[in-house]
Amino acid sequence: MSDQYVYPFSAGSREQVDLLGGKGANLAEMTQLGLPVPPGFTITTDACRYYMRYGHEPSVLADQVKRELGAVEAILGRIFGDPKNPLLVSVRSGAKVSMPGMMETVLNVGLNDETLEGLAALSHSRRFALDSYRRLLQMFGRTVLDIDAELFEAVLDDAKSAAGAASDVELSEGDLERVVASFKEIIEQESGSPFPQDPFTQLTMSIHAVFDSWNSPRAIVYRNTERIPHDLGTAVNVCSMVFGNLDDQSATGVAFTRDPATGARGVYGDFLLNAQGEDVVAGIRNTLSLPDMENLLPENYRELVGIMEKLERHYRDLCDIEFTVESGRLWMLQTRVGKRTAAAAFRIATALLDEGAITENEALMRVTGDQLSRLMFPAFDSHAERVLLARGMNASPGAATGHVAFTTADVLARAKEGTRSILVRRETNPDDLAGMITAEGVLTARGGKTSHAAVVARGLGRTCVCGVEAFTVDEAAREVRVDGEVVLRDGDLVSIDGTSGEVFLGEVPVQPSAVAAYFESGASLDDGDATSLKGLDDAEADLVTSVDRLMRIADRERALLVRANADTPEDAARARRMGAQGIGLTRTEHMFLGDRRTLVENLILAASPEEREGALAALLPLQRRDFLEMIREMDGLPMTVRLLDPPLHEFLPDLTELSVRIAKAEERGEHNEHEIKVLEAVKRLHEQNPMLGLRGVRLGLSIPGLFGMQTRAILEAEAQARAEGLNPQVEIMIPLVSSVRELREIKKEIFAVRDAVTQETGLKLTTVIGSMIELPRAALRADEIAEEAEFFSFGTNDLTQTTWGFSRDDVEAGFFFTYKEHGILLTSPFESIDQFGVGELVRIGTERGRAVNPDLHVGVCGEHGGDPSSIHFFNWLGLDYVSCSPFRVPVARLEAGRATLGVDDFVMSH
Ligand code: PEP
Ligand code: MG
């Protein structure tokens with residue numbers, strides 16, 4: 001840390017956001033540009049970090065503040081605390097990343113009983129001076145002294161009703177005199193001491209209040225959700241006051257250089273005559289729209305429009321602005337590259353490209369995968385009326401409406417009658433899969449973003465809100481309660497917004513996504529122009545054209561290939577339309593569910609080699625057909641089929657349920673031989689920790705013939721596809737390998753089958769065999785494994801689970817929230833790759849594998865393959881591909897393109 005904690009606006013620039021915060025850096029930039037910024041200075045984030053660390057400010061800070069204040073006094077010819085000619089300042093927070101409304105501001109610092117008279121004389125308005133004083137008392141009381149804001153509001157309301165005034169502008173000098181006196185009393189009573197009359201005390205206390213507000217509960221919650229590190233700290237901007245509430249030639253407002261909702265060019269914003277900053281955002285008075293300023297303050301309006309153009313040219317992006325007009329003179333109080341909706345982001349990026357303001361690659365950097373995914377889901381009509389019931393986690397985006405159903409059986413029964421359902425559960429389990437597929441959306445009271453409900457819903461592209469803690473889901477009584485009060489009953493209509501996590505009562509109208517329709521239709525505009533697409537209005541066509549254009553740039557730039565995780569021909573076809581360059585993971589266990597469960601049951605119950613072979617023989621043609629149908633969809637593209645992974649008990653009934661069923665039957669004197677045999681198998685296969693038990697390659701080695709049957713199905717399907725004139729590119733993948741010996745052993749079985757099928761068909765079959773790397777040992781022994789594998793696919797779900805020792809099904813419902821609160825984890829490592837731990841294993845595995853086999857093809861097929869920041873990391877590691885759910889493919893393509901252009905700074909410790 002340097003010893004300089006204070007920088008005048010005239011000495012900084014926008015590059016210094018780390019030190020000066022966003023607001024400070026941009027005030028400095030505007031000062032450099034010669035725009036009318038009131039003089040002031042910024043106290044650095046270093047000072048805030050020092051304050052947080054030691055509990056007091058750096059010893060040199062007070063002197064540095066006084067020196068810079070002196071410089072401001074010299075420029076303006078006013079003196080801080082001078083009874084005749086007082087300088088007043090504002091004290092505002094300003095972190096590196098904008099945290100709207102999270103931290104504190106104090107205006108009019110420097111006013112006291114004496115300077116009040118000076119300000120009254122200077123402004124020729126005692127009323128104005130009193131209004132400014134009451135604002136200081138109110139803000140200081142609330143934010144610095146932590147006094148209940150209601151106490152001040154009540155006094156102001158009483159004064160207004162006593163005076164018959166509709167708004168505070170109508171309060172007279174006498175009214176305000178009384179308000180000021182009451183505010184001072186409140187402060188003395190509540191804080192135990194009178195309002196500090198010494199301006200420097202006011203200033204120091206205000207600066208500390210801004211530092212303290214960095215760690216206010218709401219700021220911490222905001223940083224957690226936005227994944228902003230807690231140790232950045234905030235800068236503090238001390239700026240000479242200009243007054244928008246001085247007279248009728250004064251005003252204050254906010255403006256955008258383009259429409260932040262649509263991206264259209266124009267003059268957008270709101271302002272208020274005779275008002276101070278917080279009045280505009282507080283919504284107490286109805287604001288005027290910016291074009292009205294042309295009539296009311298024509299000269300200032302023209303100057304403002306000129307400045308806005310200059311700022312757009314300079315920042316080469318949409319800027320938002322805060323300004324004040326003081327007695328006919330315009331002042332700029334803030335600017336920054338403005339927030340915008342996802343649709344506006346895409347449209348602005350291509351508009352700026354057309355205007356020649358930015359290059360193609362810069363345009364790509366102006367949009368994100370998160371924005372694209374928001375555009376791909378249908379959204380609730382934001383203008384519709386809606387009744388918010390509660391808020392949970394935005395687990396899987398989209399907008400869904402349906403009737404409340406508490407069981408999968410209800411969802412399925414009602415679907416037959418054509419009724420749409422929302423499956424409402426305390427939490428879901430694997431038995432709910434059918435209900436989740438059929439329902440419009442899933443709503444749970446427990447579990448986080450990687451709970452069963454969330455992961456499965458995302459995979460299915462189903463809308464999901466999970467962890468609505470306010471809800472008590474009583475599945476027996478078929479009702480949902482909040483604080484004991486019933487808010488939803490079976491069959492009630494409910495709407496869930498998986499993008500925001502909100503739950504609404506009744507039906508909220510939805511707008512389908514034009515962008516999703518474009519991707520679903522094969523995702524390429526012949527002439528790059530969507531206006532010819534059917535049913536789109538101009539804005540939608542413009543948006544789709546922008547998306548198409550930026551996707552092309554991303555595809556041109558990216559080094560990573562993007563594949564999809566797909567288990568059915570429909571998913572495979574969809575993945576292809578979305579631009580997938582192959583399948584990175586087919587989870588074959590999904591082919592063993594439904595009616596086929598009994599066939600797997602037979603395999604498990606087989607008492608002799610003959611019975612086992614019989615059971616496998618029954619599965620073979622079904623598997624062959626599955627693979628053939630998928631191969632047809634993926635003609636010419638690689639398709640990685642993973643041999644069976646999950647523990648066998650997943651295909652058997654639940655131990656408790658089955659035991660109860662048998663016990664009840666026995667009570668009735670019934671004896672079901674088959675069920676008793678199944679129960680024995682369930683007991684035999686029961687494991688304390690099945691995720692670390694008999695699964696993956698261990699299963700293949702334990703049940704002879706199982707992987708062989710799957711291999712035969714794959715190769716016969718390949719042979720059949722060849723006979724049909726197709727060009728299949730199948731790859732066989734072995735899950736949960738930890739030792740090369742496992743791989744060697746299982747390859748013997750695979751090669752024996754290959755030789756047999758080769759002989760039978762007379763075709764030379766490729767049989768590419770690769771290994772999943774999803775256990776730490778496999779990553780560490782990757783050099784050996786690479787000798788036996790033609791490709792690696794990192795299963796980052798299991799690798800995260802086993803590296804952290806976290807059970808992915810339990811961690812989010814359990815202690816993840818506590819970890820977040822303590823700042824131990826900002827994001828779930830199951831959502832975004834933990835670069836330093838799990839990521840380090842991916843790096844080591846890749847490096848060691850390629851050292852032995854330079855042609856080793858390396859990809860990722862865990863959930864992280866569709867996560868933007870993880871994609872940047874995998875690109876940086878130099879992997880060949882990522883694989884994600886079909887719906888995420890466009891996001892992955894876009895982010896892979898951005899990753900090659902960005903300057904991601906990953907530092908691995910090794
Ligand atoms: C993984 O572990 O990352 C993976 C893709 O396999 P699964 O999620 O099926 O265990
Ligand atoms: Mg796995």
Side-chain angles (χ1 to χ4, degrees), residues 430 433 449-460 562-568 571 575 582-593 639-648 650-651 689-700 710 731-738 742-743 770-779 785 791-812 828-834 837-839 841-842 845-846 858-867 870-871 873-874 879 881-886 888 892:
L433 187 66
K449 281 193 183 172
T450 57
S451 61
H452 178 268
V455 172
V456 176
R458 272 201 299 278
L460 294 169
V562 176
R563 296 194 191 180
N565 295 354
D567 310 334
T568 63
D571 270 359
I583 289 183
L585 172 65
T586 295
R587 289 181 165 103
T588 49
E589 56 267 30
H590 292 169
M591 299 168 172
F592 285 55
L593 296 173
M639 174 175 139
T640 308
V641 180
R642 180 178 74 186
L643 304 184
L644 198 67
D645 181 23
L648 287 182
E650 286 201 4
F651 302 100
N689 200 340
M691 281 303 129
L692 298 177
L694 183 61
R695 51 172 290 220
V697 67
R698 305 164 194 173
L699 195 62
Q710 290 199 292
E731 299 171 342
I732 296 174
M733 180 155 78
I734 314 299
L736 219 73
V737 168
S738 17
E742 294 167 316
L743 197 56
S771 176
M772 288 202 70
I773 306 291
E774 49 184 345
L775 293 171
R777 190 177 195 284
I785 295 175
F791 66 91
F792 278 179
S793 179
F794 283 91
T796 47
N797 301 334
D798 273 308
L799 194 58
T800 300
Q801 185 160 241
T802 48
T803 301
W804 280 88
F806 283 168
S807 151
R808 75 175 121 160
D809 295 323
D810 302 320
V811 68
E812 289 227 334
S828 161
F830 291 103
E831 203 179 318
S832 208
I833 192 97
D834 148 38
V838 182
L841 284 169
V842 176
T846 308
V858 182
V860 167
C861 66
E863 284 266 309
H864 307 89
D867 168 66
S870 311
I871 291 170
F873 178 72
F874 298 139
L879 304 196
Y881 70 91
V882 291
S883 188
C884 56
S885 72
R888 298 289 295 174

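Read the numbers this way: they start at 1 and go in the same order the structure lists the ligands and their atoms. The analysis underlying the following values was restricted to heavy atoms, covering all of them including side chains, and did not include hydrogens, waters or symmetry mates.
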Engineer: Under a 4.5 Å cut-off applied to non-hydrogen side-chain atoms, are L736 and E774 in contact?
Structural biologist: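 When only atoms from C-beta onward are counted, E774 and L736 do touch, with a gap below 4.5 Å.
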Engineer: Using a 4.0 Å cut-off to any heavy atom of R808, which atoms of ligand 1 qualify?
Structural biologist: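 Matching atoms, with element in brackets: 7 (P), 8 (O), 10 (O).
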Engineer: Hey, what's the ring geometry for F794 with F792, parallel, tilted or perpendicular (30° and 60° as the breaks)?
Structural biologist: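 Judged by the thresholds at 30° and 60°, the geometry between F794 and F792 is perpendicular.
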Engineer: Return the name of the atom in D798, of element N, O or S, nearest to the Mg ion (ligand 2).
Structural biologist: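 It is OD2 of D798.
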Engineer: I'd like to know whether ligand 1 has M691 as a neighbour, heavy-atom separation below 4.0 Å.
Structural biologist: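 No, that is not the case, since the closest heavy atom of the residue is not under 4.0 Å from the ligand.
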Engineer: Assess D645: does it contribute an N, O or S atom lying under 2.8 Å from the Mg ion (ligand 2)?
Structural biologist: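 No, outside the cut-off.
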Engineer: If we count only N and O atoms by modelled type, under 3.5 Å, do the side chains of T640 and R563 hold a donor and an acceptor together?
Structural biologist: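 Present: a donor and an acceptor within the cut-off.
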Engineer: Pull out every atom of ligand 1 sitting under 4.0 Å from any heavy atom of G795, numbered as shown with elements.
Structural biologist: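 Answer for ligand 1: 1 (C), 2 (O), 3 (O).
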Engineer: For atom 9 (O) of ligand 1, what is the closest protein heavy atom, and at what distance to 0.1 Å?
Structural biologist: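 Of the protein heavy atoms, R587 NE, 2.7 Å lies nearest.
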Engineer: Check this for me, if you would: do D867 and R888 make a salt bridge, where the nitrogen-to-carboxylate-oxygen distance has to be below 4.0 angstrom?
Structural biologist: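 So D867 does not pair with R888 through a salt bridge.
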Engineer: Is any side-chain heavy atom of S738 closer than 4.5 Å to a side-chain heavy atom of R698?
Structural biologist: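 Result yes, sub-4.5 Å side-chain heavy-atom pair found.
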Engineer: Check whether any side-chain heavy atom of T586 sits under 4.5 Å from a side-chain heavy atom of M591, and report yes or no.
Structural biologist: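 Yes. Closest side-chain heavy atoms under 4.5 Å.
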Engineer: Which residue and non-hydrogen atom of the protein lie closest to atom 4 (C) of ligand 1, and at what distance in Å?
Structural biologist: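 That would be N797 ND2, 3.7 Å.
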Engineer: Considering only heavy atoms, which of L585, D798, L775, I773 lies nearest to atom 2 (O) of ligand 1?
Structural biologist: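 When every heavy atom of L585, D798, L775, I773 is considered, D798 comes closest to atom 2 (O) of ligand 1.
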Engineer: Tell me which N, O or S atom of E774 sits nearest to the Mg ion (ligand 2).
Structural biologist: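 Restricting E774 to its N, O and S atoms, the minimum distance to the Mg ion (ligand 2) goes to OE1.
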Engineer: Out of all atoms in ligand 1, which are within 4.0 Å of some heavy atom of C861? Include the element for each.
Structural biologist: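 Once the distances to C861 are compared, the set is 5 (C).
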Engineer: N/O to N/O below 3.5 Å, does that happen between R642 and ligand 1?
Structural biologist: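 Min N/O separation from ligand 1 is below 3.5 Å for R642.
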Engineer: Donor-acceptor check, side chain of T802 to backbone of L775, threshold 3.5 angstrom: yes or no?
Structural biologist: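 Such a contact is absent between T802 side chain and L775 backbone.
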Engineer: Quick check: do R808 and D798 have side-chain heavy atoms less than 4.5 Å from each other?
Structural biologist: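 Yes; the side chains approach each other to less than 4.5 Å.
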